Amino acid sequence: MKPTLDEIVPHQSEEITGAEILMRSLVEHGVDVVFGYPGGAIMPVYDALYHYQDRIRHVLVRHEQGATHAAEGYARVTGRCGVALATSGPGATNLVTGIADALMDSTPLVCITGQVGRALLGTDAFQETDIIGVTVPITKWNYQVTSADEIAPVMAKAFAIALAGRPGPVVVDITKNAQLEKAVYRRSSYTPPLRSFHAVPAVEDYERAAHYISEAKRPMLLVGRGVLVARAQRELLNFAEKTGIPVALTLQGLSAFPTRHPLYAGMLGMHGNYAPNILTNEADLLIAVGMRFDDRVTGNVQTYAKRAKIIHIDIERAEINKLVSVDVGLRTDAREGLLALTDRVSDSEYPEWRERFAALYEEERAAVISHELLPESGGLRMAEVIHRLSEATAGEAITVTDVGQHQMATARYYRYARTDGWISSGGLGTMGFGIPAALGAAIAAPERTVLAIVGDGGFQMTCQELGTIAQEKTPVKIVIMNNNFLGMVRQWQELFFDSRYSFVHLDNPDFVKLSEAFGIPARRVSERDNLDETISWALNIEGPCLIEVQVEKEENVFPMIPAGAGVSEIRLG
C-alpha cells in the first residue's frame with residue numbers, strides 16, 4: 001500500500017525544499033502521471049521526483065511538445081488536469097504549441113517550467129526565456145514562483161483555475177532558487193470566484209427557451225465539446241429522446257451522441273454531412289450546446305440560420321453573442337442547462353422534419369458515401385479504411401487523429417458506439433498532435449483500444465514519440481494514411497488554385513522500417529484484399545504496432561463548404 005501524504009513527511013512543521021513541496025502538491029491534487037523532459041533549471045524538481053516514483057509515473061517524452069499533447073490526450077480521457085514538466089528556455093518554449101492547442105480546445109493542463117534563479121531574472125542568463133510573457137495570450141492564468149513558500153498555494157490555484165468553468169491551460173514557472181530553498185509545507189486550497197467561471201441563468205430565460213422549443217416545427221440541436229467536458233452525454237441523450245429533436249455534432253463534439261442513434265443527424269461544418277449543413281438554413285430553431293459557432297461550422301455568418309431562433313447554452317460568457325446573435329443565452333454548464341430544459345419540455349416528434357434529413361442523407365450517400373466505402377476501382381481510400389476499423393472495433397475504440405484529410409475521414413466514417421471516443425486538435429488544427437495525444441490517451445485508459453490515425457505529413461512532425469511509446473510499452477495502434485502529399489493543402493490547391501501543387505509532395509521514409517527501428521512491429525498494406533487481415537493483426541497483437549496504408553494519392557474529401565461560402569452552399573463534389 002502506498003504511504004499517505006502525512007507519512008511521507010510526518011512533521012507538518014518540518015522545512016522541506018520547494019521541489020519536494022511541489023511533489024506533495026501534485027500528490028495532493030491527485031496527479032498520478034506527469035509527461036516531461038528534464039534539464040538544468042528543473043533538475044531539483046526531477047531530483048525530488050526520483051523519490052516519488054511509487055506515487056507519480058513520469059513519462060519521458062522525446063520532445064517537450066510531445067509532453068503537452070500527451071497531457072492533452074490524458075486530460076481528454078480522464079477529465080482531470082494533464083501535467084507537463086519542462087526546463088527553462090527552449091524546454092519551456094517547446095511547450096507553447098500544445099498550450100495554445102489546449103486553450104482553443106478547452107483542455108485542462110498544468111504546465112510546470114523551471115526558470116533561472118531569481119537573481120538572474122532579466123539578465124539574459126543561459127536558457128532564460130520570459131515564458132510568462134510568452135504564454136499570457138494562450139493561458140487561463142500563469143504565474144512565476146520566486147520563493148519556496150509560494151509553491152503550495154500557487155499550485156492549488158493552478159489546478160483550480162485549469163478546471164474551473166471552461167477548462168484550459170495554466171503555466172507555473174518556478175525559479176531554481178525556489179526549488180532549492182526550504183519552507184514549511186502547508187496544504188492549500190483555492191476556490192475561484194463564482195462570478196468569473198459560472199453563472200445561474202434566470203428562470204425566465206429557461207422558460208423563454210422552453211417556449212421556443214414548444215413552438216418549433218423544424219428544430220435542430222448543435223452539440224459541441226462542451227457536452228463532453230461537462231460529462232453530459234446522458235443528459236443530452238435524454239433531452240434529445242424526450243423532444244425528438246435531431247442532433248448534429250461539431251468536429252469537437254463527435255462521440256457526444258451515439259452515431260447509430262436514429263436522431264443522429266451527422267456532423268456540422270466544412271467537411272461535415274450534407275443534411276445538417278443544408279438544413280441549418282431551413283431550421284426555425286437551433287439549440288446550440290457547448291459549441292462556439294466557429295467559422296468552420298457557420299461558414300459565412302451573414303447568411304447563417306436567418307430563419308431560426310437560437311438558444312445558446314455555454315459556460316463561457318464571451319462565447320454568447322460573440323459571432324452569432326442569439327435569442328436566449330444560457331450561461332451555464334452543459335449538463336445543468338440540459339437538465340433544466342429537459343424538465344420544462346414535452347415529449348415531441350418531428351416526422352416530416354426528420355424525413356428531410358433522411359432524404360438529404362440519401363443524396364449524400366449516392367453522390368459521395370457509396371463511392372468512398374465501395375470504390376469500383378483505384379487504390380485504397382481513407383473512408384473505407386476508417387469504415388473497416390470502425391467495424392473491427394465495433395465503434396468502441398478511442399480514435400485520436402492528427403489534422404488533415406484523414407481527420408475528416410475518421411470524423412465522417414467512424415461509427416461511435418461509445419460517447420467518449422474522439423480526440424483531435426480542432427481550434428488550432430495542430431499537425432503532429434495525433435501520436436503524442438494517443439500516447440496520453442492510452443496511458444489514461446489502458447483497458448481501451450486506442451487508434452492513432454494520422455497522415456504521413458503530421459506523423460513526421462512528432463514521430464520521435466515512437467520512442468516514448470516503445471519505452472512505455474503503450475499499446476497504441478498507429479494507422480498512417482500515406483498518400484505522399486500534404487493532402488488537405490493539395491486538395492485546396494487542386495480546387496481553388498488550378499492544381500498548382502506548390503510544395504506539397506512528400507518523399508517519405510520507409511515507415512515500416514522506421515517503426516521497427518524503434519522496436520514497434522509494423523506492416524504495410526496497399527491492396528484492398530489484405531486490409532481486413534492487416535487490421536486484425538494490429539488489433540490482436542500485444543503492445544503498440546503500426547500500419548502504413550498506401551492510399552489513393554489524389555483523393556478529395558467531400559462534401560465541402562468552400563471558404564467564405566454559406567453552409568447551404570456545401571458541395572457534394
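What you are looking at is a predicted structure, and each value in this text was computed from that prediction instead of being measured.
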Quiz prompt | Worked verdict on L249 versus M267 for side-chain contact (heavy atoms from CB on, under 4.5 Å) | solution = CA-CA 5 Å; L249 304 179; M267 184 175 74; 5.5 Å; no

Quiz item: Pairs in or reaching into residues 105-127: which pass salt bridge (Lys or Arg N to Asp or Glu O under 4.0 Å), with residues at least two apart or in two chains?
Solution: R118-E181

Quiz item: Testing L439, V77, V450 for side-chain contact (heavy atoms from CB on, under 4.5 Å) with V400, which one passes?
Solution: V450

Exercise. Quick one: which residue pairs count as a ring pair (Phe, Tyr, Trp, His ring centres under 6.0 Å) with a foot in residues 431-460, not counting sequence neighbours?
Key: H69-F433, F459-F511

Self-check item: S188 and E28, any side-chain heavy atoms less than 4.5 Å apart
Solution: no

Quiz item: With side chains defined as the heavy atoms from C-beta onward, is the minimum distance between K176 and P44 less than 4.5 Å?
Solution: yes

Please check if atom [atom1] in [X] has more than 12 non-hydrogen atoms from other residues, nucleotides or ligands closer than 6.0 Å.
X	atom1	result
R234	CZ	no
Y37	OH	no
K322	NZ	yes
Q53	CD	yes
Y190	OH	yes

Donor-acceptor side-chain pairing of [X] and [Y] below 3.5 angstrom:
X	Y	answer
R80	Y74	yes
T342	N238	no
E20	T17	no

salt_bridge([X], [Y]) N-O dist < 4.0 Å:
X	Y	answer
E235	R335	yes
D420	R448	yes
R166	E319	yes

Quiz prompt | Step-by-step side chain to side chain donor-acceptor pair (under 3.5 Å) determination, N508 to Q460 | solution = CA-CA 9 Å; N508 290 323; Q460 292 179 81; 2.7 Å; yes

Practice problem: Given side chain to side chain donor-acceptor pair (under 3.5 Å), test Q471 with R62 step by step and report yes or no. | Solution: CA-CA 11 Å; Q471 183 169 334; R62 298 306 187 260; 2.7 Å; yes

Quiz item: Is the Y414 ring parallel, tilted or perpendicular to the Y416 ring (thresholds 30°, 60°)?
Solution: tilted

Quiz item: Once you round to the nearest 0.5 Å, how far does CD of Q144 lie from CD1 of I131?
Solution: 10.5 Å

Quiz item: If you measure from CG on L330 to CD1 on I315, what distance do you get to the nearest 0.5 Å?
Solution: 12.5 Å

Practice problem: Determine yes or no for a side-chain-to-main-chain donor-acceptor pair under 3.5 angstrom, with N177 supplying the side chain and G117 the backbone. | Solution: no

Exercise. Work out which heavy atom in S424 is nearest to a heavy atom in D402; give both atom names and the distance.
Key: OG-O, 3.7 Å

Practice problem: Mind checking salt bridge (charged side-chain N to carboxylate O under 4.0 Å, His left out) for R57 and listing every partner two or more places apart, or none if nothing turns up? | Solution: E472

